[in-house]
Every structure is written in structure tokens, then in C-alpha cells.
Amino acid sequence: SEAVPRRRRPSLLRERLRLLDTCLPTLAERSRDARISNSIVQIAVGAAFVTLGLVLPSDSPGLGSYQYLSFIQGGYSVVGGFTQLFWVPARERLSRAYTALPGRTPAERRARARFGEQSLEEMADDGRRRRILVPVISSLLQLSTLGVLYREQIFDGAPMPEPEAINYLMIGLTGVTVVTTLLNILSPSPEEQLRDRYRYEVGMLRQYHEQPAE
């Protein structure tokens, strides 16, 4: 009987490149599309708030505070939208650089794998910074908005604007928003999840390659 040829294992380097080629370009494309669409929506919402503030009569005692609130919320939303639009995350920048690297020779493939793995680490660091900074800044802005809206009540002891139920509703909703926003700090960013998943899969591949070939 004829001997069955032994199946040759793909090298660990090729397996690492396969994982990097699968995740990095796809991550960059999804990130760019989501960032642009979210930025446009955020800028449009901010422009609507600013327009509402211009329409509200500033000489009305009841509506004057809400005019300030509209300007603050609108300005925050517009600035946040443009910041998100032009603050390109590391996952997009590094993924494009990785895709442009050659991989024809063994030396080029090793360099490509090293760059890809280092990029995953830098992406995870960038994702962790954004995961912490964005919720903290957003929460501070939300609380400062309440401070501006109720500055007379806080500093001068003025009575709550009528009807009082709206004030409690606004304060409660802002509190819930701040808490839920800060809870995002506890969840790993997509970049951190991608880095950890890659480490796990490479670890499994290393164990597989350390086993004797059948």
C-alpha cells in the first residue's frame, strides 16, 4: 500500500500574518465608516440645538436658561463631532500602514508580523485612553451644563423654575446619563478586545506547533 504523505503544517509566522491580515484591515474600514457617520450626526444635532437657542426668546425669564442650555449642548455636540471626525484613532492609521507593508520575502514577512503585533499593542493603548478620557470629559460637560442652567439656584438660592417637575426630570436624566457614561470605563475597548483575542489565538497556535507532527 502507498504511504500517505504527511500533511505539512503552515508555519507559525504565516499563521500570525493570516490573523493580522484578517483583523486589521477590516477593523480600520469599520472604524472609519462609523466615525464619519457618527460625526455627521453629532454635528447635525449640535447645529439643531444652536438653532433652537437662536429661536428661543432670551428676554423670557423661563426660557432664558433653556437658551443657554441649547447653546452649551449645541456647542458641545458640534465640537465633539468635529473632534471625532479629525481625531483619527490609531486603529485606522496603523492598519493602513500595516496593509502597505510588503510581504514577499521571509524578512519582509517577519517585519510585517512584528509591525502588526506592535500596532495591536499601540491600538489597545489608544483604545484604553479613549475609553477613560471620553466618558470623563463627557460627564464633566454634562454636569457643567446643569451648573450653568441652575447657576442662580446654586449660588443665589433662587427658587426652581416652573414647573418644578421638569427640573427634577432634567437633573435625574442627567444623573442617569453620567452614570451610564462612566460605566463605559469598565468595559474593554474594541482595540483591547482585539489585542487579547489575537494573543489567545497565537498562544493556541504556539501550543499546536509545539506538538510533534503526526
- Message: Test side-chain contact (heavy atoms from CB on, under 4.5 Å) on Thr51 and Leu54; report intermediate values, then the result.
- Response: CA-CA 5 Å; Thr51 302; Leu54 293 173; 5.5 Å; no
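- Distance check: Leu182 CG to Leu140 CG gives 8.5 Å after rounding to the nearest 0.5 Å.
- Scored by the side-chain contact (heavy atoms from CB on, under 4.5 Å) test, Pro159 finds no partners at all (sequence neighbours excluded).
- For residues 130-144, the salt bridge (charged side-chain N to carboxylate O under 4.0 Å, His left out) pairs, not counting sequence neighbours, are Asp126-Arg130, Arg131-Glu192.
- Annotation: Arg109, atom CZ; neighbour count of heavy atoms from other residues, nucleotides and ligands within 6.0 Å is above 12.
- The shortest non-hydrogen separation linking Ala97 to Phe115 is CB-CZ, 3.7 Å.
- Grouping Ile, Leu, Val, Met, Phe, Trp and Tyr by side-chain contacts under 4.5 Å, direct or through others, leaves Val176 on its own.
- Closest non-hydrogen pair, Leu19 versus Tyr198, comes out as CB-CE1, 3.8 Å.
- By the salt bridge (charged side-chain N to carboxylate O under 4.0 Å, His left out) test, Asp196 pairs with no residue at all, sequence neighbours left out.
- Among residues at least two apart or in separate chains, salt bridge (charged side-chain N to carboxylate O under 4.0 Å, His left out) pairs with a member in residues 10-20 are Glu15-Arg18, Arg16-Glu117.
- Between Ile40 and Ile43, every side-chain heavy-atom pair lies at or beyond the 4.5 Å cut-off.
- Cluster annotation: Leu101 is connected to Leu17 through the hydrophobic network of ILVMFWY side chains, with a link wherever side-chain heavy atoms come within less than 4.5 Å.
- Within the structure, every pair that satisfies the side chain to side chain donor-acceptor pair (under 3.5 Å) test and touches residues 95-104, not counting sequence neighbours, is listed here: Asp21-Tyr98, Tyr98-Arg112.
- Hydrophobic clustering of Ile, Leu, Val, Met, Phe, Trp and Tyr side chains at less than 4.5 Å, counting indirect connections, unites Val178 with Ile185.
- Linking ILVMFWY side-chain heavy atoms closer than 4.5 Å, directly or via other members, places Tyr76 and Val136 in two distinct hydrophobic clusters.
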Can you list, pair by pair, the side-chain donor-acceptor contacts under 3.5 Å of residues 77-85, counting residues two or more places apart and other chains?
unit_1 : atom_1 : unit_2 : atom_2 : d
Ser77  : OG     : Gln42  : O      : 2.6
Ser77  : OG     : Gly46  : N      : 3.4
Thr83  : OG1    : Val79  : O      : 2.7

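- The heavy-atom pair separating Cys23 from Leu194 by the smallest distance is CB-CD1, 3.6 Å.
- When side chains are defined from C-beta on, Ser39 does not count as touching Phe86, because their heavy atoms never get closer than 4.5 Å.
- Minimum heavy-atom separation, Phe49 to Gly74: CB-CA, 3.4 Å.
- By the 4.5 Å heavy-atom criterion applied to side chains, Arg93 and Pro89 are not counted as neighbours.
- Scanning for side-chain contact (heavy atoms from CB on, under 4.5 Å) contacts around Gln193 gives Pro188, with sequence neighbours left out.
- Remark: Thr105 pairs with Ala107, Glu108 by the side-chain contact (heavy atoms from CB on, under 4.5 Å) rule, at least two apart or across chains.
- Residue Leu24 holds its CG atom at 4.5 Å from CE of Met123, rounded to the nearest 0.5 Å.
- For Arg199, the salt bridge (charged side-chain N to carboxylate O under 4.0 Å, His left out) test picks out Glu121, with sequence neighbours left out.
- In this structure the side chain of Leu20 reaches within 4.5 angstrom of the side chain of Leu120, judged on heavy atoms.
- With values rounded to the nearest 0.5 angstrom, Ser189 atom OG is found 11.5 Å from Asn184 atom CG.
- Take Ser31 and apply the side chain to side chain donor-acceptor pair (under 3.5 Å) test, not counting sequence neighbours, and it matches Arg91, Glu92.
- Looking at residues two or more places apart in sequence or on another chain, you find a side-chain contact (heavy atoms from CB on, under 4.5 Å) between Gln153 and Tyr150, Ala158, Met160, Pro161.
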- Item | Chi angles and distances behind the side-chain contact (heavy atoms from CB on, under 4.5 Å) call for Thr181, Val134 | CA-CA 9 Å; Thr181 300; Val134 172; over 6 Å; no
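- You'll find the side chain of Arg32 stays beyond 4.5 Å of the side chain of Val88, heavy atoms only.
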